[in-house]
Amino acid sequence: MNIMKKSLTAAALLGVLLLCSPAQVAAQTDLRQLYILGGELSNSAATSLADIDEVIPRMRQIGLNTVLVPAYWDLMEPTEGRYDFSLIDRTIEKARENKLKVVFLWFGVWKNSMSCYAPLWFKENTRKYPRAMTHTGKPLEIASAFSEDVYQADCRAFTRFMQHLAEKDKGIGTVVMIQIENEIGMLEDARDHSPLAEKAYAGKVPQELLKAMGKKTGNQTWAEAFGTDEYADEIFMAWHYARYVERLAKVARSIYDMPLYVNAAMNSRGRKPGEYPSAGPLAHLAAVWKCGAQSIDMLSPDIYDTGFKQWASQYAFPGNPLFIPESRCCENSAARALYVMGEYQAVGFCPFAIDQGTVLETNYLAQSYELLSQLKPYLSRQPGKQQYKSWGILFDQNDKERIIEDGNMLLVCRHYYTLPWDARATDGSTWSEGGAAIVKLADNEYLIAGNGVVVEFKTKSEKQQEEQKQLGEDGFILAGKQSADAASALRQTNRFTGKRCGIGYVDQVSIAEDGALQFIRRDNGDQDHQGRHARISTDEYRILHVKLYEY
């Protein structure tokens, strides 16, 4: 069965979101204070004091304002009941020295499905801390979510961690958000078949979940309510993972209240539940997770596969601000950051293993983050501040045009290589992604911040009457490409009606902290192709201020 057939409709999901607790609504206000231009450290980058001393200052040099850092249960509680917070303390201290914020990732009982960051004393005692099992009875390196002992061990350590953060950071605010667990999900089977899980499966479905899923309420078992295939098993498992996380989230809020999120490994490439980490906070299970874990502010995607825009769009729904805690660290990260911040006014964007990025990758990202830092007055969604309309564009070799409709104005946006004069457009080169954030300042006035894009401005009537022409490398019509019949047809068309849009000027600008535009140089003439477009080449990261007029 197609995964999406098991999804709720948008209307049904919105109904679930309206059931959010008052505590969650309050937390959403806190989220609007965040503007994360971040990066996540590789898994082992903060396991020693020496590593932390080296890596944190380097993150500031890359241009980050926030660093995502694992909090390792096994190193925090190597002996049961004895805690060591030296790594946490050093991370916070070094972040403060370098004017960085921190998001801690609780690597507790689950990390990428597995229980690899649980302490050895926990792993060895499988009688007290049982494992999840496949339907054949095979034990997995995954602690069972149905064991109260598993939860209590995880919760004790998490409680001490949150208490320590409150003692170290409350009133200062270096730590701005917590991720609970990491890429929760079942592998090899869609659900846990251990004895404790089977007992829960034989029980009744909670009424609030039936209501959230649009099911008839009543005294139903899981099989009666949802069926018995792997997608039904996934719903069962998702509910219990969500309820486990909710308990931890309530603990966190009671000790040191700050935004909380969970991250998901994507269900890509046509795989079925169990072939990907099933039952995690995936988009098609959003209703289950939003119902079961109402103290969590965001379900967030870790995007490594192709189709970045499509994955991001699935997580940008009402009641779930978009945050990308992990994305493949590559040369295209810079363009993707500009896209999500412009299109969704995202909470933030973070390439994974940023500490291992190449010089080219981190250089591009630093330039992108510099533009986004300047755009903060126009893209952030802080209460009491003026809100600006914005969009994001992201192009590659196959997806190279988008037309944005803004009232009577159309912004025809394309990849820079759609212009005819750059040899890389046609010599077989793989196109790097081009991306930008576009902000509307006022009617006929826009900011374009990005790399590798070209934007034309047309009125609706102008676009409707537009003549299609094939251009040569100089940007003019190719000789002999317009047939006599076509020329004759053009002469017989109706006269042009309505208004056209002209470019008054295109200025390169920087933006002061208060949002004031600071002139750098004018891009008229050849730089705007004699008033035809505004463009930023693939070799540049710029902010353009475009003023239009109509005639």
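Please read these numbers as outputs of a predicted model, since none were measured by experiment.
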Students often mix this up, so state it plainly: with edges at 30° and 60°, are the rings of Tyr446 and Trp391 parallel, tilted or perpendicular? tilted

Compare all side-chain heavy atoms of Leu41 with those of Met59 and state whether any distance is below 4.5 angstrom. yes

Lys309 with Asp399: basic N within carboxylate O range, under 4.0 Å: yes

Compute whether any side-chain donor of one residue and acceptor of the other, for Gln179 and Asn182, lie under 3.5 angstrom apart. yes

May I ask you to check whether Ser42 and Asp355 show a side-chain donor-acceptor distance below 3.5 Å? yes

With distance as the sole criterion, is a donor-acceptor pair present between the side chains of Glu370 and Gln374 under 3.5 Å? yes

Heavy-atom pair of closest approach, residues Val453 and Gly434: CG1-C, 4.0 Å

Could you grab the distance from atom OG1 of Thr418 to atom CD of Gln397, nearest 0.5 Å is fine? 12.0 Å

Qualifying residue, where the test is side-chain contact (heavy atoms from CB on, under 4.5 Å) with Ile88 and the options are Val175, Leu165, Ile52, Val69: Leu165

Heavy-atom distance under 4.5 Å between the side chains of Phe323 and Tyr315, does that happen here? no

Within a radius of less than 6.0 Å around NZ of Lys385, do more than 12 heavy atoms belonging to other residues, nucleotides or ligands occur? no

Decide if the gap between the ring center of Tyr339 and the ring center of Phe349 is smaller than 6.0 angstrom. no

Looking only at heavy atoms, the pair that brings Ser368 and Ala334 closest together is OG-O, 2.8 Å

Evaluate the side-chain hydrogen bond (donor to acceptor under 3.5 Å, both in side chains) criterion for residues His545 and Glu445: first the C-alpha distance (whole Å), next the side-chain angles of each, then the deciding distance (0.1 Å), finally the verdict. CA-CA 8 Å; His545 176 213; Glu445 188 175 6; 2.7 Å; yes

Shortest non-hydrogen separation from Tyr35 to Leu372 and the atoms involved: OH-O, 2.7 Å

Within the 3.5 Å criterion, strictly below it, is a donor on Tyr505 or Arg522 matched to an acceptor on the partner's side chain? no

Could you pull out the closest heavy-atom pair between Trp239 and Cys291, with the gap in Å? CZ3-SG, 3.9 Å

Does atom CG (Asp305) have a neighbourhood of more than 12 heavy atoms from anything else shown, all under 6.0 Å? yes

Mark yes when over 12 heavy atoms from residues, nucleotides or ligands other than Lys499 sit less than 6.0 Å from its NZ; otherwise mark no. no

For the pair Glu246 and Arg243, find out whether any cationic side-chain nitrogen is under 4.0 Å from an anionic carboxylate oxygen. no

Please output the side-chain donor-acceptor pairs of residues 97-105 that fall under 3.5 Å, not counting sequence neighbours, one pair per line with the distance.
unit_1 : atom_1 : unit_2 : atom_2 : d
Glu97  : OE1    : Lys94  : NZ     : 3.2
Asn98  : ND2    : Lys94  : O      : 2.8
Lys101 : NZ     : Gly173 : O      : 3.1

Would you verify whether the NZ or CZ of Arg402 falls within 45 degrees of the ring axis of Phe395 while also being under 6.0 Å from that six-membered ring's centre? no

Is Glu456 salt-bridged to Arg532, going by a charged N under 4.0 Å from an acidic O? no

Side chains of Val340 and Leu322: closer than 4.5 Å at any heavy-atom pair? yes

Answer with yes or no whether the side chains of Ser510 and Gln518 bring together a donor and an acceptor at under 3.5 Å. yes

Beyond-backbone contact of Asn320 with Lys290, side-chain heavy atoms, under 4.5 angstrom: yes

Between Gln386 and Tyr388, a side-chain donor and acceptor under 3.5 Å: yes

So, Gln508 and Arg521: side-chain donor and acceptor under 3.5 Å apart, yes or no? yes

Note: Arg336-Glu343 ion pair, threshold 4.0 Å (strictly below): no

NZ/NE/NH1/NH2 to OD/OE distance under 4.0 Å, Lys460 and Asp406: no

Where do Thr459 and Leu410 come nearest, in terms of heavy atoms and distance? O-CD1, 4.4 Å

Quick one: are Glu361 and Thr358 in side-chain contact, heavy atoms under 4.5 Å? yes

Electrostatic pair Asp169:Arg96 at N-O distance under 4.0 angstrom: yes

If we only count heavy atoms from C-beta on, is the Trp431 to His415 side-chain gap below 4.5 Å? yes

Side chains of Pro277 and Glu183: closer than 4.5 Å at any heavy-atom pair? no

Looking at side-chain heavy atoms only, is the closest gap between Asp297 and Val347 below 4.5 Å? no

Under a plain distance cut-off of 3.5 Å, with no hydrogens placed, do Gln464 and Ser461 share a side-chain donor-acceptor pair? no

Shortest non-hydrogen separation from Pro301 to Ile324 and the atoms involved: CG-CD1, 3.8 Å

Using ring centroids (six-membered ring only for Trp), state whether Trp106 and Tyr72 fall under 6.0 Å. no

